[in-house]
Chemist: 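Here's a structure for you.
First listed ligand is number 1; within each ligand, the first listed atom is number 1.
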Amino acid sequence: MQSNLSNLIVMKFGGTSVENQERLLSVSKIIQKEINSGKKVIAVVSAQGDTTDKLLELSKKITNNPDLRELDVLLSTGEQISIALLAMTLQSIGIKAISLTGWQAGITTCNCYSSAKILDIFTDRINNELKNHDAIIIAGFQGINKNEDITTMGRGGSDTSAVAISAALNAKECLIYTDVDGVYTADPRIIKNAKKIKEISYDNMINMSDMGAQVLNKRSVRLAKKYGVEISVLNSMSKNPGTKIKKIKEVDFSANPVASLVIQKDLFLLKIKSKKFDYIFEKIQKNKINISDIFFENSFCLMLLNQNYLNQIQELFVNFKDYEINLNLSKISIICTNQDIIFEIFAKIKKITKNIKIKYAYVCEYISIILESKFNSSIINKIHDSVCS
Ligand code: ASP
Ligand code: MG
C-alpha cells in the first residue's frame, strides 16, 4: 500500500550509530535538524552494537540447532531495545517521537523464519502516528508473518526494512547512516588508496554486494532498484558527503572510477565428486550455509565457502568421506562501470599477479579471481591502484 507525504524523509541507523547514549544523542540531533527544517522523519534502526551476535551466542548456549521461530523471537528483541531508547532520547530533547516494532508498523513477511522477505507494508498505523508525531522510530530486520509470528530477515536486514518503508511511503530517498563515509572503490581498511565513490548505479552496487561488499545488504539494493528509491550512504559521525546509489545514465560513467574492488578473505573450497553433489548441496541449503560460488571441474563440483562455516561443514559430513577441503583462499572481484574494457582490465590484473598462483578466474560481467596463496595485501593494493582509479 503506498502513501505520499512530500515532507517525509526515511533514515536508517546501523548498530554502531545507536550503540550507546552518546551515539543515540548524536543520531537524535541528526533527526532534530530535519524536523527543524520542516520535515517528518521515519527512522529505521538496527540493534545496538554487537547485540545480535550476543543474542545468537545466548541461543548457542542452549542448542546449535534452535527452532527458527524461537530464534526470531529472540533476535528481534535487539531492535526493540534500540527503538525504545532512541524514542526516549528524542523525547528528552523535546521531539514528539514514538517507537513501533515491525508488526506495529505493518511490515508483513513470508513465513520463512530467519530469512523472511517483506510481502507488504500496511502504512495506516505509520500515517496515523505521523499526525501527532514528528519522528517515528521503526525496528528494522523484523516483521510479522500470516500466523502473526515475529520473523527476521537475515543479517543486515534493517537496510531492506528501510528501503521497503521508503518505497511504501513513496519517499524518494532513503538515507542510510552507518560508521563509514560512504561506498569506496575498495575496503579502505585494507586498500590505502581506496577512494570514496560519489555516485554508483544500482547494478554496480548489486554486483559489489553480491561479491561480498559489506556496506549495504544486497536485498536492499535490489529493492531500491525495483522501486526507484535513491539510497544515500552517510556517516552518522561526520558531515562528509556520502555515496548516492541511483539510476545512472551511461554517459555519466566517466565521472566515476572505472572499477571497484571487493575482497573476500578466509574462504575454503569444498571439492566433491559430482555424483554426490545433490546430497551435499541439499544439506548445505537446509542448514542455511551461504555458498559464495559453485563451479565444476572435470567430474568434481567445487563450492567456495567462508571459513566461518568450516566446523559446521565438517560436523555435517563426519560420516561422509568423499570430499576434500582446500583452506585459506581469497577472492578478489573487480566490478567495472564500463563493460567495454573488462578484458583490458583483466590483462592488467594478469600482469600484476604473474608471480602468484591464481587458482580460478572468472571474467564476464565482472572479474573474480581466487588466489591460492594466503591473503597478499601488497598485490591487492597494486591491483586496486592500477585498475580502480
Ligand atoms: N541487527 C541485525 C544484524 O546485526 C540486523 C541489522 O543490523 O540490520 O544483522
Ligand atoms: Mg546489527
Chemist: In this structure, are over 12 heavy atoms from other groups packed under 6.0 Å from Glu70 atom CD?
Modeler: yes

Chemist: Taking atom 7 (O) of ligand 1 as the point of reference, which of Ser76, Ser46, Ala139, Gly154 owns the nearest heavy atom?
Modeler: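 Of the listed residues, Ser46 has the closest heavy atom.
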
Chemist: Please name all residues satisfying side chain to side chain donor-acceptor pair (under 3.5 Å) with Thr51, sequence neighbours left out, ordered by chain then number.
Modeler: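 In terms of side chain to side chain donor-acceptor pair (under 3.5 Å), with neighbours along the sequence ignored, Thr51 is linked to no residue.
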
Chemist: Please confirm whether Met153 approaches ligand 1 to less than 4.0 Å, judged on its heavy atoms.
Modeler: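 Under 4.0 Å: no for Met153.
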
Chemist: Measuring from non-hydrogen atoms of Gly157 to any atom of ligand 1, is the shortest distance under 4.0 Å?
Modeler: yes

Chemist: Name the residue from Thr152, Asn145, Asp67, Thr151 that meets the side chain to side chain donor-acceptor pair (under 3.5 Å) definition with Tyr113.
Modeler: Asn145

Chemist: Heavy-atom contacts with Arg155 under 4.0 Å: which atoms of ligand 1 show up? List them by number with element.
Modeler: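 Numbered from 1, ligand 1 contributes 3 (C), 4 (O), 9 (O).
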
Chemist: Does ligand 1 have an atom under 4.0 Å from some heavy atom of Gly140?
Modeler: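 Contact absent.
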
Chemist: Given a cutoff of under 4.5 Å between side-chain heavy atoms of I, L, V, M, F, W and Y, with clusters grown through shared members, what are the other residues clustered with Ile62?
Modeler: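 Ile62 shares its hydrophobic cluster with no other residue.
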
Chemist: Would Asp159 count as a polar contact of ligand 1, with the cut-off being nitrogen or oxygen pairs under 3.5 Å?
Modeler: no

Chemist: Return yes when atom NZ of Lys225 has more than 12 non-hydrogen atoms of other residues, nucleotides or ligands closer than 6.0 Å, and no otherwise.
Modeler: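 Check fails, neighbour count at 12 or below.
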
Chemist: Could you point out which residue of Asp293, Ile313, Leu310, Leu269 forms a side-chain contact (heavy atoms from CB on, under 4.5 Å) with Leu305?
Modeler: Ile313

Chemist: Would you say Lys12 has any N or O atom under 3.5 Å from an N or O of ligand 1, going by distance alone?
Modeler: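 Between Lys12 and ligand 1 (N or O atoms, distance only) the closest approach is not under 3.5 Å.
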
